[in-house]
There are 2 protein chains.
Amino acid sequence: MPPTSETLTAERILEATEEVLRRHGPAKATVVDVARALGVSHGSVYRHFRTKAALREAVTKRWLDRTSRRLAGIVDGDGTAEQRLRAWLAGLFEAKRHKAGDDPELFATYTVLTDELGGVVYEHIEDLTGQLTRIIAAGAGSGDFRVPDPAVAARAVFQATGRFHDPCHARDWARQGIEEEFTAVVDLLVRGLSSPSP
Amino acid sequence: MPPTSETLTAERILEATEEVLRRHGPAKATVVDVARALGVSHGSVYRHFRTKAALREAVTKRWLDRTSRRLAGIVDGDGTAEQRLRAWLAGLFEAKRHKAGDDPELFATYTVLTDELGGVVYEHIEDLTGQLTRIIAAGAGSGDFRVPDPAVAARAVFQATGRFHDPCHARDWARQGIEEEFTAVVDLLVRGLSSPSP
DNA sequence: CAGCTGACAGATTTCAATATCTGTCATTCC
DNA sequence: GGAATGACAGATATTGAAATCTGTCAGCTG
């Protein structure tokens, strides 16, 4: 009994995979489960994704890209470079914190997945630091920021704020005072970017 | 056949525990193993440490304190506050990186231990940020740094450099270019501390 | 004939029995 | 008498046999 009689597409498989991951967790989510959820044989899933790893990679990439796209809107938005930088960092923190807080099981699942999929995460980080570089370069152009190399500065800012977006710190995001800590770090970084060259 | 006939002290037990941890890893290191290594019955170990958790805690504390003490020497050392701050941060990075690089097994062992012992790690971090606070306060006093609250700034600096001392980033410490990343982050933070208040 | 199926081999995971460990304490030993 | 021992009960870990999963492919189906 097929749940829907639409044709089987990669998109539908990804949808079902996400649901199975949410339900079963990363360790117990099998290709057979995904096929069962779709009412097809597991052989059909292998027609669209060569291996289980490729399927996991695709679903993880989709998940990460959702955050990327949301933040991309801030890069060319309104306000000064400093305002956009602050909004972007706050947006990243907020997005991660909500993902972790709203559905901890699913977040833990993706944390496991990203741990085993180095390449996808690398691209995601390149994407995000690229966005940051554009904001900082704009600030350097307008004179708000004084940095020798916007790309280097962007990476430093991204890494320095790791505590507020790297999944390995997720358990701290619910702690009392985390907001103040975030503000203190961002203030310090913004002052570093804005100060005259040494 | 007791390997040594000295009296059984807490110190000797900690020594043996560290050796057993190095040999067997955190999951397989048992109290029975420790007793066997010392040539005594496991009941004797329980005379000095009430539980296995207490033993693990004591040995972990000892390990963390070794790093603390090494860095404490820099706090009141020679040079300007900026020089000491840079030396302290570099020293912390260096210490952690060597621990992780020289004996990855033992480092992984302590990473597991610190994960289960929240309190000990909390105290260790309080200790380290305390040292940082003293350096930054000295800089604020001499006019090198301009910060409203040295303790807040110290915590921000500690967290912003987390990538270079937090065990969850240990695998990145062997990567190409990590030194440059460290320098970029520290430069940015020092500029932030030194710049005139906003 | 394009897409799907289900049986299959080898790899991985589960589960229950078996063995080991933790923490206690009555007893032994200097 | 203070320190150490080793037997013990309940909790935890190991092990290996049975079940399940991954990835392939010859054949079915519409």
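We name chains A, B, ... by the order of the sequence lines, and we start the count at 1 in each one. Computed from a predicted structure; not experimentally measured.
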Among B:Q83, B:R86, B:R84, B:E82, which residue meets the side chain to side chain contact (heavy atoms under 4.5 Å, CB included) test with B:I135?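 The passing option is B:R84.
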If we only count heavy atoms from C-beta on, is the [X] to [Y] side-chain gap below 4.5 Å?
X      : Y      : result
B:V120 : B:L113 : no
A:D166 : B:H169 : yes
B:K28  : B:R23  : no
B:V185 : B:R163 : no

Determine, for nucleotides 1-23 of chain C in 5'-to-3' order, which nucleotides have protein heavy atoms under 4.0 Å from the base (write B), from only the sugar-phosphate (write S), or from neither (write -). ---BBBB-------------SBB
Using the test side-chain contact (heavy atoms from CB on, under 4.5 Å), find all partners of B:V31 that sit at least two apart in sequence or belong to another chain.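 Testing B:V31 for side-chain contact (heavy atoms from CB on, under 4.5 Å), a comparison that skips the adjacent residues, returns B:H42, B:V45, B:Y46, B:K52.
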Give the angle between the helix axes at the two ends of the helix from C:dC1-D:dG30 to C:dC30-D:dG1, taking five base pairs at each end and rounding to 10°.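 The end-segment axes of the helix from C:dC1-D:dG30 to C:dC30-D:dG1 are tilted 10° relative to each other.
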Show every ring pair (Phe, Tyr, Trp, His ring centres under 6.0 Å) that has at least one partner inside residues 52-88 of chain A, sequence neighbours left out.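 The answer is A:W63-A:Y110.
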Give the C-alpha distance, both sets of side-chain angles, the deciding distance and a yes or no for side chain to side chain donor-acceptor pair (under 3.5 Å) between A:S195 and B:R191. CA-CA 7 Å; A:S195 86; B:R191 282 178 64 188; 3.2 Å; yes
I need the residues from residues 111-120 of chain A with at least one non-hydrogen atom less than 4.0 Å from DNA chain D; give them sorted by number, or say none.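 Correct list: empty, so none.
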If hydrophobic clusters are built from ILVMFWY residues whose side chains come within less than 4.5 Å, do A:F107 and A:I178 share one?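 Yes, because A:F107 and A:I178 connect within a single hydrophobic cluster, where side-chain heavy atoms sit under 4.5 Å apart.
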B:F164: which residues meet the ring-ring contact (aromatic ring centres under 6.0 Å, His included) condition with it, sequence neighbours left out?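 Only B:F93, B:F182 meet the ring-ring contact (aromatic ring centres under 6.0 Å, His included) criterion with B:F164.
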